[in-house]
Amino acid sequence: MAIQFISATKIFKLDTNKTSYILQVNGYGYLLHHYYGAYIPDSEMDYLGYTVGHSSFSPGVPCWKNGEPYFSKDVSRMEYSCNGCGDFRGSALSIIRSTGTADTDIRYVSHKIYAGKPQIVGLPATYAAADEATTLEILCIDEASGAEVTLYYTVFEALGAMTRHVSVKNTSDKMMNIQRIFSTCVDFHDARDMDLIHLYGSWAMERKFERIPLMHGTQVISSKRGASSAMHNPFIAVCSHDATEEYGDAYGFNLVYSGNFVASAEMDTDGGARVLMGINPEGFNWKLEAGESFTTPEAVMVYSNEGIGGMSRIYHRLYRNNLCRGEWKNTRRPILINNWEATYFNFDEEKLYDIAKTASELGIEMFVMDDGWFGDRNTDKSGLGDWFVNESKLKGGLGKLVDRVNDLGMKFGIWFEPEMVSKDSNLFRAHPEWALQTPNRPMSIARAQYVLDMSRADVRDYLFDCISQVLDNANIAYIKWDFNRNLTEVGSALLDADRQGEVFHRYVLGLYELLERILNKYPHLIIEGCSSGGGRFDPAWLYYAPQSWTSDDTDAIERLDIQYGTSMCYPVSSMGSHVSACPNHQTNRTTPLTTRGHVAMSGTFGYELDLTKLTDEEKEIVKGQCDEYRKYYDLINKGDLYRLISPWKDRTRCAWSFVSEDKNEVLLTYVVIRGGIYDRHYVRLNGLDENRYYRNVQTGQVLSGKALMNAGICIQERLRDYESRMYHFISVN
Ligand code: DGJ
């Protein structure tokens with residue numbers, strides 16, 4: 001049984017094949033956290049929750065009970081911390097009740113345990129069949145306010161992952177305001193030897209890996225941009241100081257949400273640490289009328305004692321199998337050519353057709369027409385919102401171009417930036433009130449555009465109709481869904497003053513509703529998420545879009561960092577990755593076409609350059625790359641990723657591999673960042689079967705799994721800056 005309730009001690013034990021998570025209801029009805037980590041058979045873990053010395057600064061519970069020990073939340077490990085009643089660390093829940101006071105105090109009422117996993121209405125979340133997961137719901141009540149709080153836990157037994165979310169119902173007859181409501185809260189008993197990992201960045205340098213020791217006090221990672229953002233990702237991990245890629249404790253936390261978020265780790269004076277994750281309370285204030293409920297997004301928690309790599313591989317499997325949905329979850333996605341870096345805004349139908357034709361000859365399977373096909377859009381200064389084909393650019397209309405591309409044997413994809421409106425657009429002239437704005441304040445402008453108020457049903461209906469109009473009139477297989485600025489002056493003309501604190505979240509809910517509606521109508525569609533590259537790369541997108549454009553930086557060497565960091569929790573099958581022209585448009589760096597191919601193949605593969613300008617020799621290389629990608633598709637996209645040499649270790653090289661689930665095949669990629677004269681190129685593999693022998697398909701060499709993992713392979717070549725090698729190993733016994 002994956003989840004047990006031991007009634008004598010009121011202990012809940014949530015197990016997966018490799019992990020245990022233990023909490024208990026104490027004599028006062030409070031939920032205490034006892035353990036999260038590697039599986040332990042013993043359920044009597046309440047000894048971990050002993051009372052430590054406290055002073056007069058640690059208040060005890062009101063309503064003292066005879067016989068119960070002194071209990072102070074201040075010095076206890078709490079399961080879901082509340083504000084204002086004696087737990088002075090960061091709180092997961094804070095509700096302003098009708099009295100105007102922000103004091104919240106929840107106690108256990110009842111619980112349910114059942115097979116499977118409930119949906120979270122209106123929000124993306126992992127899903128599971130009845131035999132894949134078990135769920136625990138714990139109902140608590142704050143009697144003073146009438147807030148009924150349900151904590152949801154789902155364990156994915158075979159995968160070793162668990163998810164949490166929370167809902168609050170106002171059972172009183174008065175209004176209350178939710179100030180903060182996080183999706184998860186975990187109190188670690190001892191975090192003195194732990195590090196924090198997070199992914200920071202910016203445009204064109206998303207999800208850089210940073211690892212720092214936990215310090216006393218609070219370390220906070222967050223976004224209040226209205227999007228999960230390129231600057232910080234809704235992912236953190238805490239791991240032991242000695243954790244490596246393959247060894248040590250690593251705990252991952254990832255929020256399935258595309259809006260404002262917070263993730264924090266707070267180390268207390270006693271060395272314990274509280275991790276919190278959820279919607280960012282800044283800019284959030286949710287009015288809950290009598291009888292209404294509010295539900296948080298889901299946090300996905302993964303523990304591995306096989307290091308940071310072990311943690312990542314659990315996330316990858318869970319997201320590939322239990323978060324991605326629909327036809328393209330398992331079907332091979334087409335190799336694409338996107339015209340953005342080939343033409344920018346400067347194209348007509350013949351130019352696009354020429355690129356598509358060359359692409360089709362090289363084995364590329366889908367042509368994607370990027371920005372500039374609609375309205376009066378010849379620069380980024382105008383046209384967003386006017387989603388009508390610009391026939392002076394695409395003579396004969398969109399249908400004709402799509403048919404011609406289809407006749408080449410290729411699918412057709414198209415770019416949209418639905419959530420935006422250009423200041424210079426017919427849509428903005430007709431409906432200025434559709435843009436987010438606040439009274440008597442000028443609207444900040446970015447890339448000459450404003451953000452539409454996605455909380456409004458009329459805005460969503462307009463966008464749905466525009467997108468439908470395009471999809472109904474041409475055979476379109478794919479949409480690139482872009483989002484190129486963040487939210488400012490966040491107010492909605494349709495909401496009352498006391499509901500303006502809901503706009504950020506209502507925006508995200510509106511976005512999800514529109515995506516769901518489109519996918520319901522067009523179930524065969526592939527959506528690729530994008531936000532000036534990877535500015536909204538989060539797990540929520542995986543529910544709607546099996547792939548997201550990882551970064552506008554297409555330089556193969558910069559991509560090493562970006563893809564390495566992104567792989568902390570996101571599977572390579574989700575990372576849009578393209579070969580582009582050299583010198584690279586972002587960095588001016590020149591790298592070999594082969595290396596660009598090797599790096600882009602560790603993602604959803606495509607091209608983004610003017611293929612008509614390639615030499616015959618380059619075209620042959622491209623043809624070969626497409627064949628290789630098709631050949632290795634399953635290994636790359638369904639295999640286990642092992643990060644072998646980190647690109648930021650000494651910035652000289654980088655290596656990673658994919659190992660098939662049955663350990664029969666391995667694909668190794670090795671890239672030299674800076675090749676020294678005396679460099680030798682050894683790479684130790686990982687994840688192989690040490691009792692088997694493997695043949696290197698490229699060199700013919702046969703080595704044991706033990707040799708490959710302990711001594712490694714030796715690439716006996718003088719490799720120069722930016723050169724790369726890819727080797728395929730097949731088990732011979
Ligand atoms: C930003 C995207 O990341 C690019 O790939 C491209 O689609 C441009 N927007 C178009 O405006």
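Indexing begins at 1, ligand by ligand and atom by atom, following the structure's order.
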Identify, by atom number and element, the atoms of ligand 1 in contact range of Gly533, meaning under 4.0 Å from any of its heavy atoms. 3 (O)

Distance flag, aromatic centroids of Tyr629 and Phe605, threshold under 6.0 Å: yes

What heavy-atom pair brings Asp561 and Pro647 nearest, and what distance separates the two atoms? OD1-CB, 3.5 Å

Partners passing side-chain contact (heavy atoms from CB on, under 4.5 Å) against Thr566 (at least two apart in sequence or in another chain): Arg207, Phe537, Thr550, Ile562, Tyr570, Met575

Within reach of ligand 1, part of Ser531 (heavy-atom separation under 4.0 Å): neither

Can you find an N or O of Arg377 that's nearer than 3.5 Å to an N or O of ligand 1? no

Between ligand 1 and His578, can you find any atom pair, the residue atom being a heavy atom, that is separated by under 4.0 Å? no

Run the numbers for me: atoms of ligand 1, each under 4.0 Å from some heavy atom of Cys530, listed by number. 2 (C), 3 (O)

Run the numbers for me: atoms of ligand 1, each under 4.0 Å from some heavy atom of Ser532, listed by number. 1 (C), 3 (O)

Is there any N or O on Asp370 that sits under 3.5 Å from an N or O of ligand 1? yes

Quick look: Asp380 vs ligand 1, heavy-atom contacts under 4.0 Å, and the answer is neither

Using the side-chain contact (heavy atoms from CB on, under 4.5 Å) definition, which of the options Leu408, Leu336, Ile337, Asn338 pairs with Phe367? Ile337

For Phe345, is at least one N or O under 3.5 Å away from an N or O on ligand 1? no

Close side-chain approach of Ser468 and Tyr522, heavy atoms under 4.5 Å: yes

Which residue and atom name correspond to the protein heavy atom nearest atom 4 (C) of ligand 1, and how close is it? Asp552 OD1, 3.5 Å

Might you point out which heavy atoms bring Ala435 and Val421 nearest each other, and give the distance in Å? CB-CG1, 4.4 Å

Is the shortest side-chain heavy-atom distance between Gln563 and Ser567 below 4.5 Å? no

Using a strict cut-off of 4.0 Å, indicate which atoms of ligand 1 neighbour a heavy atom of Trp549. 3 (O), 5 (O)

Taking 4.0 Å as the limit for heavy-atom contacts, which would you say applies to Glu417 with ligand 1: side chain only, backbone only, both, or neither? neither

Would you mind reporting whether Val579 and Glu608 have side-chain heavy atoms less than 4.5 Å apart? no

Non-neighbouring partners of Thr615 that pass side-chain contact (heavy atoms from CB on, under 4.5 Å), sequence neighbours left out: Glu617, Glu618

the protein heavy atom lying closest to atom 9 (N) of ligand 1 turns out to be Asp482 OD2, 2.7 Å

Tell me: protein heavy atom nearest atom 5 (O) of ligand 1, and distance? Lys480 NZ, 2.7 Å

Answer with side chain, backbone, both or neither: which part of Glu341 has a heavy atom less than 4.0 angstrom from an atom of ligand 1? neither

State the atoms of ligand 1, each with its element, that fall below the 4.0 Å cut-off from a heavy-atom position in Asp371. 10 (C), 11 (O)

I need the Glu391 CD to Lys400 NZ distance, nearest 0.5 Å. 10.5 Å

Side chains of Trp328 and Gln547: do they bring a donor and an acceptor to under 3.5 Å? no

Is there a polar contact between ligand 1 and Trp340, counting only N or O atoms under 3.5 Å apart? no

